[in-house]
4 protein chains.
Amino acid sequence: MSYGTTFPLWRAAAGEAWDAYTRHAFVEGLKDGTLPRAAFLRYLVQDYVFLVHFSRAWALAVTKAETLDEMRACAATVHTLLDGEMRLHVAICAAEGIAEADLFAAEEAPQNLAYTRYVLDAGHSGDFLDLMAALAPCVLGYGEIGARLAAEAGETPYSDWIASYAGEDYQRACADVGRLIDAAALRRLGDKPETSPRWPRLCERFRTATRLEVGFWGMGLVG
Amino acid sequence: MSYGTTFPLWRAAAGEAWDAYTRHAFVEGLKDGTLPRAAFLRYLVQDYVFLVHFSRAWALAVTKAETLDEMRACAATVHTLLDGEMRLHVAICAAEGIAEADLFAAEEAPQNLAYTRYVLDAGHSGDFLDLMAALAPCVLGYGEIGARLAAEAGETPYSDWIASYAGEDYQRACADVGRLIDAAALRRLGDKPETSPRWPRLCERFRTATRLEVGFWGMGLVG
Amino acid sequence: MSYGTTFPLWRAAAGEAWDAYTRHAFVEGLKDGTLPRAAFLRYLVQDYVFLVHFSRAWALAVTKAETLDEMRACAATVHTLLDGEMRLHVAICAAEGIAEADLFAAEEAPQNLAYTRYVLDAGHSGDFLDLMAALAPCVLGYGEIGARLAAEAGETPYSDWIASYAGEDYQRACADVGRLIDAAALRRLGDKPETSPRWPRLCERFRTATRLEVGFWGMGLVG
Amino acid sequence: MSYGTTFPLWRAAAGEAWDAYTRHAFVEGLKDGTLPRAAFLRYLVQDYVFLVHFSRAWALAVTKAETLDEMRACAATVHTLLDGEMRLHVAICAAEGIAEADLFAAEEAPQNLAYTRYVLDAGHSGDFLDLMAALAPCVLGYGEIGARLAAEAGETPYSDWIASYAGEDYQRACADVGRLIDAAALRRLGDKPETSPRWPRLCERFRTATRLEVGFWGMGLVG
């Protein structure tokens with residue numbers, strides 16, 4: 001499934017960082033099942049805290065939107081994160097004996113702080129499009145990872161995780177976000193966004209967020 | 001219906017401004033039907049633009065929340081405003097021949113700019129509770145006006161408007177916001193919020209927002 | 001003195017609003033001395049509160065700058081406002097028997113709230129350039145008014161006020177801000193900023209801020 | 001020299017994290033001269049980028065201040081950072097052959113992103129005091145480190161660095177910030193701040209920022 005026309009340009013500009021993120025040892029461990037359960041749980045707990053701040057970033061996008069479509073798309077994402085994806089985490093963690101209150105109160109790892117607060121600052125310091133460039137690697141990267149792993153993975157205890165990101169719902173959400181970004185870029189940069197003087201900085205935002213995703217996987221691995 | 005324990009204290013501290021707002025000539029004109037239709041439509045158009053920025057303020061609250069309950073309550077309000085209350089406005093205006101694109105593009109009156117941007121700045125300059133104090137007069141004031149007018153009004157062409165704010169859905173939303181504010185105050189100020197050194201400033205925020213509501217009605221009247 | 005190349009374009013796009021602001025009855029009353037002293041003092045008190053929030057807006061610009069030059073220029077303006085212009089107001093008001101504590105505690109007029117909070121929100125919702133477009137009418141409009149009144153005014157009790165905005169210091173500050181805006185526009189929109197899809201919205205921000213300046217003078221007149 | 005009454009309470013509440021920060025191997029290496037020059041330069045380059053974002057955080061504090069004293073104190077700090085401390089870094093780096101443009105363009109390390117963006121988010125999500133709690137560990141921790149190293153250090157190539165933080169100017173700035181924090185706490189929490197329900201969260205902010213300072217030193221060591 002395609003995630004629009006802006007995302008592939010940003011991804012290409014991110015260079016090796018993109019593969020370092022989407023083909024990280026953590027990801028390959030999910031695929032072939034070699035990822036230790038402890039690492040996965042550590043990741044899940046941090047990812048729950050991540051979703052709290054990621055929801056805040058999408059809510060910030062509502063405050064920075066210029067059209068009603070932008071507002072509604074971002075508000076819907078906040079809703080999906082707070083009521084859908086977070087409940088999924090809670091259910092998985094509950095099955096492992098971790099309560100939601102523990103999730104919310106978990107000490108945030110520095111890699112988590114780095115990523116989420118960078119995204120929020122991209123929004124506060126720039127405009128809606130700066131924020132989108134910092135949000136994109138997570139949303140669309142997980143879509144890409146999910147789709148690839150669903151195609152490539154054999155037997156693995158992490159097939160549920162893979163299925164949720166490869167599934168129709170998540171893939172449709174990615175396509176929607178891709179369209180949102182394309183429309184936002186068209187509105188602010190015109191129909192040749194790569195020629196805008198803002199383009200290098202937007203690519204840089206995307207690449208920095210991608211670098212911080214690499215760190216996030218690394219946190220899961222080393223604890 | 002009660003809107004909690006903090007709201008009555010703020011309302012009392014607002015003094016005459018509260019009556020100037022909730023018993024404004026515009027409101028009484030809705031009640032007895034003497035409000036000119038042109039004034040009502042002028043108000044509706046501005047109120048649509050108001051809801052855009054009011055939704056942004058509730059989204060800002062999501063970014064400033066400290067608990068998941070606060071986040072979810074504010075995100076639900078954003079959803080209600082963007083998908084419920086705004087569609088209601090669109091339907092009423094459509095019946096009068098005003099298209100949604102015209103609503104979104106309407107030139108904002110200074111009284112509208114003053115109120116909405118003051119609320120947003122209350123959020124940006126203070127914390128979650130500062131933002132709540134600036135949001136409360138609108139949400140809960142309309143609840144109070146709706147309930148009173150439903151009890152007092154006779155025949156009036158504005159009975160639909162009255163019914164929507166007097167109705168169970170809106171009144172329940174007010175009760176929810178009242179509880180949200182009480183919990184937010186307890187969390188940040190303790191169980192005797194009036195003794196907090198922050199109290200006078202919170203009352204001042206509530207009163208300033210109330211003053212700006214008076215101006216908003218006035219805008220409808222004078223055009 | 002010229003204030004750069006972007007400002008004249010924005011001013012032209014503001015249409016009649018620009019003259020309504022820079023040739024307002026309040027301004028003409030300063031020029032020919034017919035402005036009542038009470039109106040001038042009312043304006044001065046509100047203008048002091050205005051400067052508090054205008055300083056906050058320039059500080060916000062520091063947080064949204066992309067280059068060290070932008071950061072330093074905005075920080076220098078904060079300093080000039082807080083330590084220069086505000087002390088000037090304090091001195092003038094003190095001569096009239098109004099203490100600084102009274103100035104800081106003055107109840108903000110709705111027209112004041114509308115303007116300053118609109119500027120702050122322009123910054124929060126957009127990027128550095130959106131903020132500049134909202135800040136420009138005040139800074140550069142006063143420069144233009146000061147220069148014109150210095151050339152046209154005869155005997156008037158407001159010659160000190162005129163001299164301070166017509167003076168070399170203020171005019172140089174205006175030239176600096178004009179250059180800052182030109183560089184910011186070049187950096188974000190390229191060398192033909194009028195062809196950017198963002199241009200209409202930037203013009204609209206400038207025009208809205210200009211409209212709110214008209215209201216600010218009006219507040220002084222009617223009290 | 002004392003840095004006020006609030007800081008010692010926050011420092012005590014940070015527990016072992018405070019020593020992990022102020023007695024980090026990097027700090028001890030500065031003291032006894034064993035810190036490799038390459039590590040020091042890596043730190044200096046990142047610290048320059050740090051100062052850019054730290055200045056932004058102090059500028060954010062200007063926008064969140066409630067009194068003119070708070071505004072002026074924070075604006076003065078922005079000025080000191082942008083025009084004083086950063087120029088010092090530029091001079092030291094220039095002597096090592098590193099140009100200012102390279103400093104500004106240096107790729108930010110994740111530990112740098114984590115700390116500075118956490119501080120900025122503390123400001124955006126909370127109020128002035130939340131921001132102060134996140135800013136305090138850096139400002140006052142460096143004061144404490146400088147003073148201790150000046151007393152304990154023997155011959156070391158880093159005596160200039162030590163002298164600048166142990167020096168009268170920096171120590172006076174620390175005392176000023178300590179007073180600013182005490183006044184801000186008194187104003188918002190009353191004269192027994194430890195009894196406020198907000199106290200644990202403020203301590204947590206201070207501790208998280210301290211944890212991120214530990215990471216910042218670590219970045220210098222491992223490159």
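Within every chain, numbering begins at 1; the chains are lettered A, B, ... in the order of the sequence lines, protein sequences first and strands thereafter. Source: prediction; values computed, not measured.
By the side chain to side chain donor-acceptor pair (under 3.5 Å) test, A:R201 is found to be paired with C:E66, residues two or more places apart in sequence or in another chain being considered.
Checking side-chain atoms of A:R205 against main-chain N and O of A:L131 turns up no donor-acceptor pair under 3.5 Å. Panel note: side chain C:T63, backbone C:A59; no donor-acceptor pair is recorded below 3.5 Å.
Atom CZ of A:R117 is separated from atom CG of A:L212 by 12.5 Å, given to the nearest 0.5 angstrom.
Using a 30° and 60° split on the angle between ring planes, C:W161 and C:Y43 fall in the perpendicular class, above 60°.
Donor-acceptor pairing under 3.5 Å is recorded for the side chains of A:E100 and A:Y48.
Inspection of non-hydrogen atoms places C:L186, C:R187, C:R188, C:L189, C:G190, C:S196, C:P197 of residues 180-197 of chain C under 4.5 Å from chain A.
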